[in-house]
Amino acid sequence: PVWLGGRADAAEQVGAVLQDRGARAFETALLANDGSERPVMMSLAPIRIDHVVTGATLIVSALRKH
C-alpha cells in the first residue's frame with residue numbers, strides 16, 4: 001500500500017478502479033468530527049456485471065498509531 005495525502009490522490013485511485021485498471025489499497029487519513037485525522041487503510045475493488053465495471057466496493061480499516 002501507498003500513503004495518499006489528499007482527496008485528489010484518493011479520487012485518482014477510485015478513477016483507476018472504475019476504469020478497470022485493477023484493485024487498489026492505500027493508506028490515508030479521514031477527518032473526524034473533532035478535526036483530528038484518523039489513519040486508515042482503504043481497499044477498493046471493481047464490481048463487474050457481464051465483464052463491465054459498474055461500480056466499486058470500498059473497505060476502510062482503522063490503523064493504529066505507532
Side-chain angles (χ1 to χ4, degrees):
V2 297
W3 169 258
L4 295 183
R7 288 183 182 188
D9 292 335
E12 184 177 321
Q13 296 300 314
V14 172
V17 171
L18 294 175
Q19 293 171 11
D20 205 14
R21 297 193 332 237
R24 300 281 195 263
F26 54 92
E27 293 179 11
T28 189
L30 295 179
L31 189 60
N33 288 340
D34 65 4
S36 64
E37 288 189 349
R38 305 289 169 91
V40 296
M41 170 70 73
M42 288 191 172
S43 301
L44 292 157
I47 297 172
R48 292 184 180 87
I49 296 176
D50 295 327
H51 307 289
V52 176
V53 175
T54 60
T57 59
L58 170 65
I59 298 172
V60 180
S61 304
L63 295 175
R64 295 179 181 208
K65 294 181 180 180
H66 297 286

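- Between Leu63 and Glu27, some side-chain heavy-atom pair lies under the 4.5 Å cut-off.
- Nearest heavy atom pair, residue Asp20 against residue Arg48, reads OD1-NH2, 2.5 Å.
- Across Phe26 and Gln13, no two heavy atoms sit closer than the pair CE2-CB, 3.7 Å.
- Between Ser43 and Ala25 the shortest heavy-atom distance is OG-CB, 4.0 Å.
- Formation of a donor-acceptor pair under 3.5 Å by the Asp34 side chain with backbone atoms of Ser36 is found in this model.
- Annotation: the span from Ile49 atom CD1 to Thr54 atom OG1 amounts to 4.0 Å, rounded to 0.5 Å.
- For CD1 of Ile59, the number of neighbouring non-hydrogen atoms (other residues, nucleotides, ligands) closer than 6.0 Å is 12 at most.
- Minimum interatomic distance between Met42 and Leu30 (heavy atoms only, all atoms of both residues): CE-CD2, 3.5 Å.
- In terms of modelled atom types and a separation under 3.5 Å, the side chain of Arg21 and the main chain of Leu18 share no donor-acceptor contact.
- Placement of Ile47 and Val14 in two distinct hydrophobic clusters is found when ILVMFWY residues are connected by side-chain heavy-atom separations under 4.5 Å, directly or transitively.
- Remark: Thr28 OG1 to Arg38 CZ distance equals 14.5 Å, nearest 0.5 Å.
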